[in-house]
Amino acid sequence: MTLTTSTRPGSGPREADWYELRLVVPPEDDDGKTGSVGVPILDVKLGEIYDEVLRRNPGETEFHQAVHEVLDTLGPVLAKHPQYAEAAVISRLCEPERQIIFRVPWVDDSGAVQINRGFRVEFNSALGPYKGGLRFHPSVYLGIVKFLGFEQIFKNSLTGMPIGGGKGGSDFSPKGRSDGEVMRFCQAFMTELYRHIGEYTDVPAGDIGVGGREIGYLFGQYKRITNRYESGVLTGKGITWGGSQVRTEATGYGTVFFVDEMLKTRGDSFDGKKVVVSGSGNVAIYAVEKVQQLGGTVVACSDSNGYVVDLKGIDLDVLKHVKETRRARLSAYVEARPHAEHVESGSVWDVACDIALPCATQNELNGRDAATLIGNGCAIVAEGANMPCTPDAVRLFAEAGVLFAPGKAANAGGVATSALEMQQNASRDSWSFEHTERRLADIMRGIHDRCLDAADTYGTPGNYQAGANIAGFIQVADAMLALGVI
Ligand code: NAP
């Protein structure tokens, strides 16, 4: 047996000068996909809280970005409700309740011992048990898990369901690994994680690199170690062993339901709209499916090796076969659709569209991409992924009057349906596809309206980003006040 160590390529907790991060917009990376922020927060009190976050969490740039984005919109809330500042609610929200980092040793097919790092950040449980997915991707480090966990607090609050915020994952990459290797990794991961989770404590689910297969192996190991069939401990389970109808489709469908509500505010619909979706994973595939059902045409989608343009409309059966059945690269799509083009360099956002749905990963759509989309007449951008648009891109959309839906609102359908799965598990019930999809559509409509109401009330009418942050924040903040200083 040989011993090797897997490390996260390319990134990691970076040494950073917090002062520089606060005041200076750093140059974009070579690929122009930086997510760093530097625009000062205008509200003095919130600016001080942000400085403290930078000081206490050096190098966690994605976490800084997520905190900056929320704090930047809360000035009008503090002006109206000083009690939140008096009880240090925002500072408490920025500090996770618990952060768990652990070693994950496992044996690969060649007999070599591999070491990965596992994370679970239990961020806030004011509204309910921690709830949020697990991400398996080589780029995972504490800063990514904390940005996702922080966003999850507000997203879960926006759903109106009793769930707190958390997130976890590992720098393990399932890509290119055999089924046996993925299973052994998941078992090793759960061998530590099981002691921290539970139906009333913390309920993980999937995210990038964690789909039905991984949830199955994780649940199997949890059951074996605890000797309990505790369905409510994980969501995203298979339909025959405690899962919910529509959970697989929920995030993509929910994003499209949200955009449908945005279109309705302009007396419009998906009918005849040209749509570009980035990614070709779980969120992207089911966003494509629902767009097509509502009469739109998806002309392009992508993976990390390039993008496919199919002006006749992405063929969903081919896409699912390539990505779900074969687990192949997207370039294989053109084997079955020879008129389509696979582009290896460049950006999927160069493809002209009316509606853009970034559904791949954080900071995948930067200022340059936003300018291209605006130039091509794109009127709506909704984040199926978490924080896929850089701050520059979001600012450009606002200036150009493009309707912009942030991920914590637009992609909340996944976690909302996870909460429906928990309800079904608790009552030992299972609902039909139609009933569950109707519940999802209602929930997305509710989130949409809550964002617009909060934006109106706090002086930024039509601003979904401010509305999502404010509506999500107020509910958590009120619960934190009620529960005392804990
Ligand atoms: P997934 O099934 O693993 O798919 C991720 C997709 O994004 C893959 O097509 C992947 O391509 C692509 N991708 C990853 N990194 C990329 C990069 N740097 N450039 C271009 N493409 C890249 O994951 P998912 O569940 O769909 O999640 C996608 C996003 O949605 C994430 O931000 C996640 O946090 C968010 N989200 C997911 C859910 C959910 O229920 N799953 C809920 C809310 C939010 P490769 O295969 O080439 O890597």
Side-chain angles (χ1 to χ4, degrees), residues 120 122 125 127-135 148-149 152-153 155-169 186 190 193-194 197-208 210-223 226 228-255 257-258 281-283 285-287 289-290 384 386 408 411-447:
R120 187 71 184 168
E122 298 180 333
S125 59
L127 293 179
Y130 311 104
K131 181 87 197 85
L134 298 171
R135 176 176 293 191
L148 291 164
Q152 200 80 44
I153 302 170
K155 181 188 306 191
N156 293 3
S157 165
L158 271 176
T159 66
M161 316 191 69
I163 39 180
K167 201 83 185 187
C186 289
M190 184 54 85
L193 187 70
Y194 88 95
I197 62 176
E199 181 179 2
Y200 298 107
T201 314
D202 184 354
V203 184
D207 190 79
I208 290 179
V210 179
R213 173 182 63 169
E214 289 75 16
I215 293 292
Y217 295 146
L218 290 164
F219 185 67
Q221 182 72 351
Y222 182 86
K223 186 173 81 62
T226 60
R228 285 164 61 88
Y229 205 106
E230 191 182 329
S231 302
V233 72
L234 284 173
T235 58
K237 300 180 293 295
I239 298 292
T240 53
W241 43 277
S244 172
Q245 298 284 355
V246 192
R247 178 59 190 91
T248 304
E249 296 84 357
T251 309
Y253 277 23
T255 302
F257 286 143
F258 194 96
N282 172 262
V283 180
I285 286 176
Y286 292 95
E289 183 162 288
K290 187 50 74 181
N386 286 312
K408 58 173 76 70
N411 72 37
V415 73
T417 309
S418 279
L420 299 182
E421 182 174 330
M422 290 161 74
Q423 280 185 27
Q424 292 169 77
N425 292 152
S427 59
R428 300 192 185 281
D429 197 359
S430 66
W431 307 338
S432 70
F433 192 96
E434 294 69 26
H435 172 76
T436 317
E437 189 181 9
R438 262 199 311 279
R439 292 283 306 262
L440 171 63
D442 287 347
I443 290 167
M444 296 314 295
R445 192 175 314 115
I447 295 172

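The chain is numbered in sequence order, starting from 1.
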Does the plane of the ring in Tyr222 sit parallel, tilted or perpendicular to the ring in Tyr194? Use 30° and 60° as the thresholds. perpendicular
Taking the side chain as every heavy atom from C-beta outward, state whether Pro129 and Tyr200 have any pair of such atoms under 4.5 Å apart. no
Side chain proximity check, Phe219 to Val233, heavy atoms < 4.5 angstrom: yes
Could you check Leu420 against Ile443 for side chain to side chain contact (heavy atoms under 4.5 Å, CB included), going step by step and ending with a plain yes or no? CA-CA 11 Å; Leu420 299 182; Ile443 290 167; 4.3 Å; yes
Does the side chain to side chain contact (heavy atoms under 4.5 Å, CB included) test come out yes or no for Lys167 and Asp207, once each step is laid out? CA-CA 9 Å; Lys167 201 83 185 187; Asp207 190 79; 3.0 Å; yes
Spacing of [atom1] belonging to [X] relative to [atom2] belonging to [Y], to within rounding of 0.5 Å:
X	Y	atom1	atom2	result
Tyr130	Asn156	OH	CG	13.0 Å
Thr235	Ile215	OG1	CD1	6.5 Å
Leu440	Thr251	CG	OG1	8.5 Å
Ile163	Met422	CD1	CE	7.0 Å

Keeping to residues at least two apart or across chains, list the salt bridge (charged side-chain N to carboxylate O under 4.0 Å, His left out) pairs with something in residues 414-426. Lys237-Glu421
For the residue pair Thr255 and Lys290, confirm or rule out a side-chain donor-acceptor distance under 3.5 Å. no
Taking only Lys NZ, Arg NE, NH1 and NH2, and the carboxylate oxygens of Asp or Glu, determine whether Asp442 and Arg445 approach each other closer than 4.0 Å. yes
Among Gln152, Lys155, Lys408, the one residue meeting side-chain hydrogen bond (donor to acceptor under 3.5 Å, both in side chains) with Asn386: Lys155
Working note: Ser244 + Thr436, criterion side chain to side chain contact (heavy atoms under 4.5 Å, CB included); need CA distance, chi angles, decisive distance, verdict. CA-CA 8 Å; Ser244 172; Thr436 317; 3.8 Å; yes
